[in-house]
Asker: 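Here you go, one structure.
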Amino acid sequence: MLDLKFIRENLEFVKGKLSRRNQRVDLDQLVEMDRKRREVIQEVEALRNERNIVSEKIATLKQQSKDAAIEIDRMKLVSQKIKDIDINRAGIEENVQDFLLRIPNIPHESVVAGEDEGDNIEIKRWGEPPEFNFNPQAHWTIGEELGILDFERGAKIAGARFTLLRGAGALMERALINFMLDLHTREHHYEETFPPFLVNRISMTGTGQLPKFEEDLFRIVDSEYFLIPTAEVPVTNIHQNETIDEKSLPIYYTAYTPCFRKEAGSHGRDTRGIIHQHQFDKVELVKFTAPGTSYQELESLLENAEEVLKRLNLHYRVVSLCTGDLGFSAAKTYDIEVWLPSQGRYKEISSCSNFEDFQARRANIRYRPTSKAKARFVHTLNGSGLAIGRTMVAILENYQQEDGSVFVPEVLQPYMGGMEKIETPAS
RNA sequence: GGAGAGAUGGCCGAGCUGGCUGAAGGCGCUCGCCUGCUAAGCGAGUGUACGCCGAAAGGUGUACCGAGGGUUCGAAUCCCUCUCUCUCCGCCA
């Protein structure tokens, strides 16, 4: 959420910044509502002031056993008027608030203007794509052959975009989770957390999923619980409505959670395999920082996520999203894209963003500077470190052998009971 | 699921027979005084949000005692609904 006062005082600047996003916002309408809002506030507060003064007078009169009937009658009318105006004011303020919650964040100055992902800027590449002297298979073929990805059973149990992992597949899922959590907690100094997987509407609004993107979320019938689409939601909301001591910043959290997404807009995209699932596992990284350091913290967050791919020895590149491709809440985002041999292209496996104070204002997460100035909003950041399912896709495809077996990356072997290779049950 | 208790400022804790209570008292914190150092002591200050005035310093108004409604000229105080916490019983991984 943007600061209403900032919009009011920097209208042309904000308009210019938002025009580079692929979303249209009529700020003039907001400014007019805000003008009306302040007008009504002045009106009702003047009446309240009068009522307070006269009520005190009534109290005095009564103490002196004098008659206050005239004042009381007059205040009855004033109170009724206050009530009427208040209803109007509440309506206006709700409209203003709702409007504000639907305005996307302002892109950081370093974010390049562009239309869509085609305009994203490649920042770097790491490693080399593996070379095959045979035709590399897609992960769904490899996984089915090995008996570790069971798409038919997944669909039978739940439906499309659900997959049953079994045997070494299920084991690798668990191994990847543990490997990533161990790396981030032991070497990158994130605190491990294990949050609720269902959250309320307030938390979803705090991080920006609501009110605008409800159709992307799974919701529990007959209650106000939503299944989390990412650990970002419960973990960022850990400090909802809190004021943090500056001394304890920056705060680093990591969490493994399953993620649930309706994928409403992606019908027909990646229908095969486990690239787009309604349920997938992810290890997430979340940071709370002071405003001055958030961009250097974004760089180190990105490095922490990259480290996972480096240790798995998977070729990847990093792109900086352009204004048109930027998510609703983000001021700046780096995507890490891993190489998929079967597709001959890079596929997003992590998204690392700085939200600046956009989420903090919504979720009311502040910090008190040591200089005892007044509390300010923190900056929040998060990134996948990494998406587990897509990491498995990358491993299956990049480590595949001609005979259909798949080597287990060295760093994962201790997490898989020393297993070095996944082979077909028959062999 | 049943019965009961509670939610007040950074913290503890009064007020809850409605009217100088933004809120006693204590702790903490800040500044000053005092003190050879430390401790103690003394004095003053110490919330947030929004509106208006002001270049600013600041001034001023309104709101806020879990949340939302209601009664009343006036609500932290009375009534209703909800949320959360605690205790006991039942059930349960």
Side-chain angles (χ1 to χ4, degrees), chain A residues 1-11 30-101 194-206 210 219-220 222-226 234 237-249 251 258 357 360-378:
Chain A
M1 186 165 69
L2 303 181
D3 181 12
L4 180 57
K5 202 180 285 178
F6 182 82
I7 296 174
R8 189 194 301 151
E9 289 166 3
N10 304 276
L11 186 59
L30 175 68
V31 168
E32 172 54 24
M33 280 195 287
D34 176 47
R35 193 196 57 73
K36 183 72 189 165
R37 171 185 149 265
R38 285 181 294 154
E39 185 183 299
V40 172
I41 286 174
Q42 286 180 52
E43 194 182 352
V44 77
E45 289 193 348
L47 289 174
R48 281 221 174 87
N49 183 221
E50 183 186 0
R51 187 178 69 184
N52 286 344
I53 290 167
V54 176
S55 285
E56 227 168 281
K57 190 177 164 197
I58 291 169
T60 313
L61 286 174
K62 289 215 164 182
Q63 273 168 11
Q64 298 167 348
S65 309
K66 290 182 185 163
D67 182 45
I70 295 168
E71 282 78 8
I72 289 176
D73 279 350
R74 194 156 65 84
M75 285 308 103
K76 274 184 185 172
L77 294 176
V78 170
S79 271
Q80 188 51 48
K81 204 168 172 191
I82 288 172
K83 229 169 253 183
D84 293 343
I85 299 172
D86 242 351
I87 290 168
N88 186 22
R89 186 191 56 98
I92 293 171
E93 294 203 317
E94 200 183 315
N95 287 341
V96 168
Q97 187 66 8
D98 187 66
F99 200 109
L100 280 173
L101 287 172
F194 196 88
F197 301 160
L198 292 147
V199 301
N200 57 33
R201 188 171 282 276
I202 293 167
S203 292
M204 283 292 186
T205 306
L210 291 179
R219 178 169 159 203
I220 305 298
D222 289 340
S223 82
E224 277 297 277
Y225 293 131
F226 294 86
N237 278 289
I238 287 174
H239 293 297
Q240 176 200 114
N241 278 323
E242 291 184 13
T243 302
I244 302 163
D245 227 14
E246 185 173 25
K247 287 193 290 284
S248 35
L249 294 178
I251 297 172
D357 64 7
R361 184 172 289 106
R362 288 171 161 249
N364 189 28
I365 307 168
R366 296 176 299 167
Y367 76 101
R368 193 169 302 282
T370 37
S371 55
K372 72 177 176 173
K374 64 184 226 169
R376 299 179 61 189
F377 290 115
V378 300

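Fair warning: this is a prediction, and the values are worked out from it, not measured in the lab. Chain letters run A, B, ... following the sequence lines, proteins first, then strands; residues in each count from 1. Any value given below was found using the heavy atoms of this structure, including those in side chains, with hydrogens, waters and symmetry copies removed.
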Asker: Could you measure between the two C1' atoms, the one in B:C78 and the one in B:G15, and give it in whole Å?
Answerer: 15 Å
Asker: Can A:Arg74 and A:Glu50 be said to form a salt bridge (charged side-chain N to carboxylate O under 4.0 Å, His left out), step by step?
Answerer: CA-CA 11 Å; A:Arg74 194 156 65 84; A:Glu50 183 186 0; 2.8 Å; yes
Asker: Looking at the side chain of A:Ser55, which of B:G19, B:G51, B:U71 is the nearest nucleotide?
Answerer: B:G19
Asker: Pick the P atom in B:A76 and in B:U17, then give their distance to the nearest Å.
Answerer: 14 Å
Asker: Roughly how many Å apart are B:G22 and B:C64, using the P atom of each and rounding to a whole number?
Answerer: 11 Å
Asker: Hey, is A:Glu93 close enough to A:Arg89 for a salt bridge, meaning N to O under 4.0 Å?
Answerer: yes
Asker: Once you round it to whole Å, what is the distance between P of B:A49 and CZ of A:Arg361?
Answerer: 12 Å
Asker: How far does the C1' atom of B:U60 sit from the matching atom of B:A5, given to the nearest Å?
Answerer: 43 Å
Asker: Do A:Glu32 and A:Arg35 meet the salt-bridge criterion of a basic N to acidic O distance under 4.0 Å?
Answerer: yes
Asker: What's the CG-P distance between A:Asp245 and B:C11, to the nearest Å?
Answerer: 13 Å
Asker: Given side chains that start at C-beta, do those of A:Asp3 and A:Ile7 come closer than 4.5 Å, heavy atoms only?
Answerer: no
Asker: Mind checking if A:Arg89 touches a base, just sugar-phosphate, or nothing, with heavy atoms under 4.0 Å?
Answerer: nothing
Asker: Taking the basic N atoms (NZ, or NE/NH1/NH2) and the acidic carboxylate oxygens, is any pair closer than 4.0 Å for A:Lys247 and A:Asp245?
Answerer: yes
Asker: Check RNA chain B against residues 39-49 of chain A and give the residues with a non-hydrogen atom under 4.0 Å, in numerical order.
Answerer: A:Ile41, A:Gln42, A:Glu45, A:Arg48, A:Asn49
Asker: To the nearest angstrom, how far is A:Ile53 atom CD1 from B:U62 atom C1'?
Answerer: 12 Å
Asker: Kindly say if A:Asn52 contacts the phosphate of B:C20, meaning a side-chain N or O under 4.0 Å from OP1 or OP2.
Answerer: no
Asker: Nearest whole Å is fine: how far is B:G68 P from A:Ile87 CD1?
Answerer: 16 Å
Asker: Tell me, which stems hold RNA chain B, with a stem being 3 or more Watson-Crick or G-U pairs in a row and both distances under 3.5 Å?
Answerer: B:1-7 with B:83-89, B:10-12 with B:25-27, B:28-33 with B:41-46, B:47-53 with B:58-64, B:66-70 with B:78-82
Asker: Just checking, is any N or O donor in the side chain of A:Glu56 or A:Asn52 under 3.5 Å from an acceptor N or O on the other one?
Answerer: no
Asker: Could you work out the separation of B:G68 and B:U83 based on their P atoms and round it to a whole Å?
Answerer: 15 Å
Asker: What integer number of Å spans the P atoms of B:U72 and B:G18?
Answerer: 16 Å
Asker: Say whether, by atom type as modelled, one donor and one acceptor occur between the side chain of A:Asn237 and the main chain of A:Ser203 under 3.5 angstrom.
Answerer: yes
Asker: Would you call A:Asp34 and A:Arg37 a salt bridge, taking side-chain N to carboxylate O under 4.0 Å as the test?
Answerer: yes
Asker: Counting just side-chain N and O atoms, does A:Lys83 come under 4.0 Å of either OP1 or OP2 of B:U71?
Answerer: yes
Asker: Nearest-nucleotide wise, let me know which of A:Glu93 and A:Met75 is further upstream toward the 5' end of RNA chain B.
Answerer: A:Glu93
Asker: Below the 4.0 Å mark, does B:G51 have OP1 or OP2 next to a side-chain nitrogen or oxygen of A:Arg37?
Answerer: yes
Asker: In whole angstroms, how far is the C1' atom of B:A49 from the CZ atom of A:Phe377?
Answerer: 10 Å
Asker: Please state how far atom CD1 in A:Ile72 lies from atom P in B:U71, giving the value in whole angstrom units.
Answerer: 17 Å
Asker: Taking all atoms of both residues into account, what is the closest heavy-atom pair of A:Leu100 and A:Leu2, and its distance?
Answerer: CD2-O, 3.9 Å
Asker: With a cut-off of less than 4.0 Å, is there a side-chain N or O of A:Arg74 near OP1 or OP2 of B:C73?
Answerer: no
Asker: Which heavy atom of A:Met204 sits nearest a heavy atom of A:Val199, and at what distance?
Answerer: CE-CG2, 3.6 Å
Asker: Closest to the A:Ser79 side chain: B:U71, B:C73, B:G51?
Answerer: B:C73
Asker: By nearest atom, which of the nucleotides B:G19, B:G74, B:G51 is closest to the A:Arg8 side chain?
Answerer: B:G51
Asker: Any side-chain N or O of A:Lys57 under 4.0 Å from OP1/OP2 of B:G74?
Answerer: no
Asker: A:Asp73 near the nucleic acid: base, sugar-phosphate alone, or nothing, with a heavy-atom cut-off under 4.0 Å?
Answerer: nothing
Asker: Mind checking the P distance from B:G54 to B:C29? Whole angstroms is fine.
Answerer: 41 Å
Asker: Rounded to whole Å, please give me the gap between CD1 in A:Ile202 and P in B:C82.
Answerer: 17 Å
Asker: Please give the distance between the C1' atoms of B:G66 and B:G9 as a whole number of Å.
Answerer: 14 Å
Asker: How many whole angstroms separate atom CG of A:Asn364 from atom P of B:C50?
Answerer: 11 Å
Asker: Can you tell me if A:Arg51 uses its side chain to pair, donor with acceptor, with the backbone of A:Met75 under 3.5 Å?
Answerer: no
Asker: Can you tell me if A:Arg38 touches the phosphate of B:C50, counting only side-chain N or O atoms and a distance under 4.0 Å to OP1 or OP2?
Answerer: no
Asker: Step by step, would you call A:Asn49 with A:Glu45 a side chain to side chain donor-acceptor pair (under 3.5 Å)?
Answerer: CA-CA 6 Å; A:Asn49 183 221; A:Glu45 289 193 348; over 6 Å; no
